[in-house]
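If you're wondering where the values come from, they're calculated on a predicted model, not measured in any experiment.
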Amino acid sequence: MEYSDVGTVAAWLTEQGLKGASEAELLIGFCEACRERGLPLDRGMALMDTLHPVHEGRAFRWDSREEIEAEFEYGPSSDGAALESWQRSAFYYLWAGEENEVRRRIGFGDPTDFVMLESMLQQGHTDFVAMVHRFEKAGTIGEMDCFFSHFATRSPEGFSDHDLIILRKLVPVLALAIKCIALARIARTIAEVYLGDDAARQVLEGKITRGKSERISAALWFSDLLNYTKISDSAPPEEILPMLNAYSDVVISAIHEAGGDVLKLIGDGVLAIFKADQPAEACAASLQAERLLRQKLKALNEERAEEGRPTTEVYIGLHIGDVFYGNIGSRERLDFTVIGPAVNEVSRIASMCRSVDLNVLMSSEFAATIPEGDRGALACIGRYALRGVKRAQELYTLDTARIEI
C-alpha cells in the first residue's frame, strides 16, 4: 500500500462517517479498501464502550476468508468469565498500561499470551497488532473513553514496518468515524430511555422548542402499585429499589409490547399513551397491554412469593381523549409530555381503583370506543365524581378485574 493511498482511504472514511454508515460498515469497508491496495489484512476488530442501560459496549469484526458476525453488543465485564476473558486480552493490557500499541508476531515465535492468539495461530495468522486511541475528558461520555482495534495477517512475512506506519496513520481516522456514529447512537439511546421511543424520535427530529406541541387523540394509561407506600414503610430499605424496578419492568415491558409509549415514571406511577390511526385500535392496544401485564404480574408474584419477598398488584386507569403532546418547561429545562384535562382524568380514574377494590377502571369514553367485540367483557360499576374533575361520569371495569392480594 502506497502512502498516496492513505488520503484516498481517509477521505472514504470521512465521507462514509458523514453519511451515517454503521460502525460495522466502516470497519469492513476500511479493511477491504486497505487490502485491495496491498495492505495484507486478514482480520480486523474494533470495539468501544458505550452509554447504555444494558450493554457495556459494541464490537465490530471482519475476516478476509469467512463470514463472521459483523457486530455484536457485549454486557458487563466486571466479574465471572467475562472479567477473566477481558483481563487476558490485548485490549486490557493496553487499557491498564501506558502503551498505545502491542504486537505479537505469533508466526515467528512470539508468545500467544493474549486471549484468541492461540486460535488465530492455528488458523494461519502470523502477525497481530492491537491499538488503543484514548479520548480526552472532553470527548468522553460514560465509559466511552477510548477506541480499541486489532488487526492480523496471514502473510508469510507478517506486517512490514511500512504496513504498521500505514495502519498508524489510518486507524485514528477510522476511530473518529466510528466514534461519530457511536455518539449519534448514544444520543438516540439516552433520548429513548428517558423520553420513550416516540417522544425521543420527535426530539431528535428537532422538535425542542418550548411551547411547541400538537393536539393528538390518544388512549391514556395511568397505573400505580397497590399499597406501595405501606410496603415501602415496612420492607427492609434494601428491598425497595429492587422491588420497584421489578414491578416497573413488567408494567413498562407490557406497554411497549402492545405498542404504547411510556412518557412518565412518577415514583411507582406510570403514564403512557397509545396512538393509532383509529381510536378503537388505540384502546384495543391498551387492553392488550393490560392482559400482558396480568400474565407478567402472575409470574413475578409467584417468583417473589417463593423467595419470601413482598408482592403487590398494579391498578390501572384507562381513558381516551385529546391532549397536547410536546415541550413544556423553562428555556433551560424542558419535558416532552402530554397535558390537558384528559391526563388529569386518567390519573383520577386510576386512584378510584383503591376505593372500589378493582385493579382496572376505564372511562365511559374509553368503554364506548373499544372494539365492539371486546365490550362484552365490560361491566359498569356506577357513576362517580372524580376529584378535580367537574363532571361525574360512569366508570367501567373488566369482569376479571377484582384485586387479589
Side-chain angles (χ1 to χ4, degrees), residues 195-199 201-202 207 211-224 251-252 254-256 258-266 269-293 314-329 335-356 358-375 377-398 401:
L195 298 177
D197 290 349
D198 187 67
R201 177 183 58 78
Q202 299 208 42
K207 297 179 182 178
K212 188 172 184 178
S213 62
E214 61 176 319
R215 185 169 182 154
I216 64 170
S217 178
L220 305 172
W221 164 302
F222 193 93
S223 61
D224 261 327
V251 173
I252 294 169
I255 292 169
H256 284 169
D261 283 293
V262 174
L263 297 182
K264 284 282 190 183
L265 302 179
I266 311 165
V270 175
L271 172 65
I273 61 172
F274 294 81
K275 298 194 298 180
D277 293 335
Q278 298 297 324
E281 295 174 2
C283 291
S286 59
L287 288 176
Q288 172 64 9
E290 192 274 341
R291 288 190 289 268
L292 289 170
L293 172 58
V314 176
Y315 56 87
I316 304 166
L318 298 173
H319 188 32
I320 189 167
D322 289 345
V323 292
F324 287 99
Y325 186 41
N327 291 290
I328 298 104
D335 190 13
F336 203 100
T337 187
V338 288
I339 60 170
V343 179
N344 181 50
E345 287 182 39
V346 73
S347 68
R348 301 308 184 199
I349 292 169
S351 66
M352 282 295 299
C353 289
R354 286 172 289 188
S355 301
V356 296
L358 294 168
N359 61 21
V360 60
L361 287 177
M362 60 196 76
S363 66
S364 55
E365 292 92 340
F366 185 96
T369 307
I370 67 172
E372 189 173 346
D374 291 334
R375 294 179 195 169
L378 303 186
C380 180
I381 66 164
R383 192 173 183 84
Y384 289 85
L386 304 175
R387 184 166 60 89
V389 179
K390 290 182 179 179
R391 60 183 179 85
Q393 63 172 280
E394 290 183 337
L395 298 180
Y396 289 76
T397 189
L398 297 169

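The CG atom of L271 lies 9.0 Å from the OG atom of S223; values are rounded to the nearest 0.5 Å. The line from NZ of K264 to CZ of F336 is 12.0 Å long, rounded to the nearest 0.5 Å. Atom-to-atom distance recorded for Q278:CD and T369:OG1 is 11.5 Å, nearest 0.5 angstrom. Taking OG of S363 as the reference point, atom CZ of R348 lies at 15.5 Å (rounded to 0.5 Å). For the atom pair CD of Q288 and CG of L293, the computed distance is 11.5 Å after rounding to the nearest 0.5 Å. To the nearest 0.5 Å, the span separating CD1 on I381 from OH on Y396 amounts to 10.5 Å.
Residues satisfying the salt bridge (Lys or Arg N to Asp or Glu O under 4.0 Å) test with R387, not counting sequence neighbours, are none. By the side chain to side chain donor-acceptor pair (under 3.5 Å) test, D198 is found to be paired with R201, Q202, K275, Y325, residues two or more places apart in sequence or in another chain being considered. Applying the side chain to side chain contact (heavy atoms under 4.5 Å, CB included) rule to A276 yields the partners E281, A282; only residues at least two apart in sequence or on another chain are considered.
Looking at heavy atoms from C-beta onward, L265 lies in side-chain contact with V270 at the 4.5 angstrom threshold. Side-chain contact between V356 and Y384 is present, with at least one heavy-atom pair separated by less than 4.5 Å. Residues L398 and E290 have side chains in contact (heavy-atom distance under 4.5 Å, counting atoms from C-beta outward).
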Test side-chain contact (heavy atoms from CB on, under 4.5 Å) on L220 and F222 and set out the steps.
CA-CA 7 Å; L220 305 172; F222 193 93; over 6 Å; no
Given I339 and V323, is the side-chain contact (heavy atoms from CB on, under 4.5 Å) satisfied, shown in steps?
CA-CA 6 Å; I339 60 170; V323 292; over 6 Å; no
Derivation and outcome, side-chain contact (heavy atoms from CB on, under 4.5 Å), residues L358 and M352:
CA-CA 8 Å; L358 294 168; M352 282 295 299; over 6 Å; no
I'd like to know whether I370 forms a side-chain contact (heavy atoms from CB on, under 4.5 Å) with L378, so could you lay out the CA-CA distance, the side-chain angles of the two residues, the decisive distance to 0.1 Å, and finally the verdict.
CA-CA 10 Å; I370 67 172; L378 303 186; 3.4 Å; yes
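Scanning both residues, L318 and I316, for their nearest heavy atoms gives CD2-CG2, 3.8 Å. S364 and Q393 make their closest contact through N-OE1, 3.6 Å (heavy atoms, listed as atom of the first residue, atom of the second, distance). Considering all non-hydrogen atoms of both residues, C353 and Y315 come closest at CB-CB, 3.6 Å. Closest approach of S286 and W221 over heavy atoms only: O-CZ3, 3.7 Å. Residues A219 and C283 approach most closely at CB-N, 4.1 Å, considering heavy atoms. For A284 against R291, the heavy-atom pair with the smallest separation is O-NH2, 4.4 Å.
With M362 as the partner, the side chain to side chain contact (heavy atoms under 4.5 Å, CB included) test is satisfied by one option alone out of I349, L287, I320: L287.
Between the side chain of N359 and the backbone N or O of V314, no donor-acceptor pair lies under 3.5 Å. With hydrogens and angles disregarded, no donor-acceptor distance shorter than 3.5 Å links the side chain of R383 to the backbone of L395. N327 places a side-chain N or O within donor-acceptor distance of the main-chain N or O of K207, the cut-off being under 3.5 Å.
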